[in-house]
*Asks:* 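Let me begin by handing over the structure; questions about it come next.
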Amino acid sequence: MAEYCVDCWNKIHEIDPPKSPEQFILSKTPELCEGCGKYRPTVILERSGYYRHKLRFLLLPVKLLRALWNLLTAPYRLYRIKKSGSRRS
């Protein structure tokens with residue numbers, strides 16, 4: 001896997017305005033950047049996807065409640081669809 005520092009990452013992906021280092025998860029130790037050839041912390045992951053992945057367990061109860069609500073209200077919704085369809089005929 002290619003390892004790039006934040007500056008090279010912004011150059012390669014042509015990001016304007018450039019993203020700051022706080023928007024990335026960086027390696028803890030300096031590694032060789034394949035873009036500039038210097039030893040710097042390299043980009044591991046962008047933070048937006050990282051936090052979405054980490055917080056998925058907090059959103060699980062909400063998803064389960066929504067699924068339960070859809071399951072409980074399905075007969076009523078099917079009844080309404082059937083009732084409104086019979087009037088049109």
*Asks:* Measure the spacing between CG of N10 and CD1 of I15 and express it to the nearest 0.5 Å.
*Replies:*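 It comes to 4.5 Å.
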
*Asks:* For L59, which fellow cluster members are found when Ile, Leu, Val, Met, Phe, Trp and Tyr are connected by side-chain heavy-atom distances below 4.5 angstrom, either directly or through intermediates?
*Replies:* none

*Asks:* What distance separates L60 CG from L55 CG, expressed to the nearest 0.5 Å?
*Replies:* 12.5 Å

*Asks:* State, to 0.1 Å, how close F24 and V6 come at their nearest heavy-atom pair, and which atoms those are.
*Replies:*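 Scanning both residues completely, I find the closest heavy atoms to be CE1-CG1, 3.9 Å.
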
*Asks:* Looking at side-chain heavy atoms only, is the closest gap between P21 and L26 below 4.5 Å?
*Replies:* yes

*Asks:* Please report the closest heavy-atom contact between C33 and C5, naming both atoms and the distance.
*Replies:*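 Scanning both residues, the minimum pair turns out to be SG-N, 3.3 Å.
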
*Asks:* Taking the side chain from T42 and the backbone from S27, do they hold a donor-acceptor pair closer than 3.5 Å?
*Replies:*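 No, the answer is negative, given that no donor and acceptor are paired below the 3.5 Å cut-off.
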
*Asks:* If you round to the nearest 0.5 Å, how far is CG of L65 from CG of L72?
*Replies:*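 If we round to the nearest 0.5 Å, L72:CG and L65:CG are 10.5 Å apart.
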
*Asks:* Mind jotting down which residue pairs meet the side chain to side chain donor-acceptor pair (under 3.5 Å) criterion with at least one end in residues 59-75? Sequence neighbours excluded, please.
*Replies:*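 Counting only pairs at least two positions apart or across chains, the side chain to side chain donor-acceptor pair (under 3.5 Å) contacts touching residues 59-75 are T73-R77.
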
*Asks:* Members other than V62 in its cluster, when Ile, Leu, Val, Met, Phe, Trp, Tyr link by side-chain heavy atoms under 4.5 Å?
*Replies:* none

*Asks:* Which pairs with one or both residues in residues 11-24 pass side chain to side chain donor-acceptor pair (under 3.5 Å), sequence neighbours excluded?
*Replies:* K19-E46, S20-E22

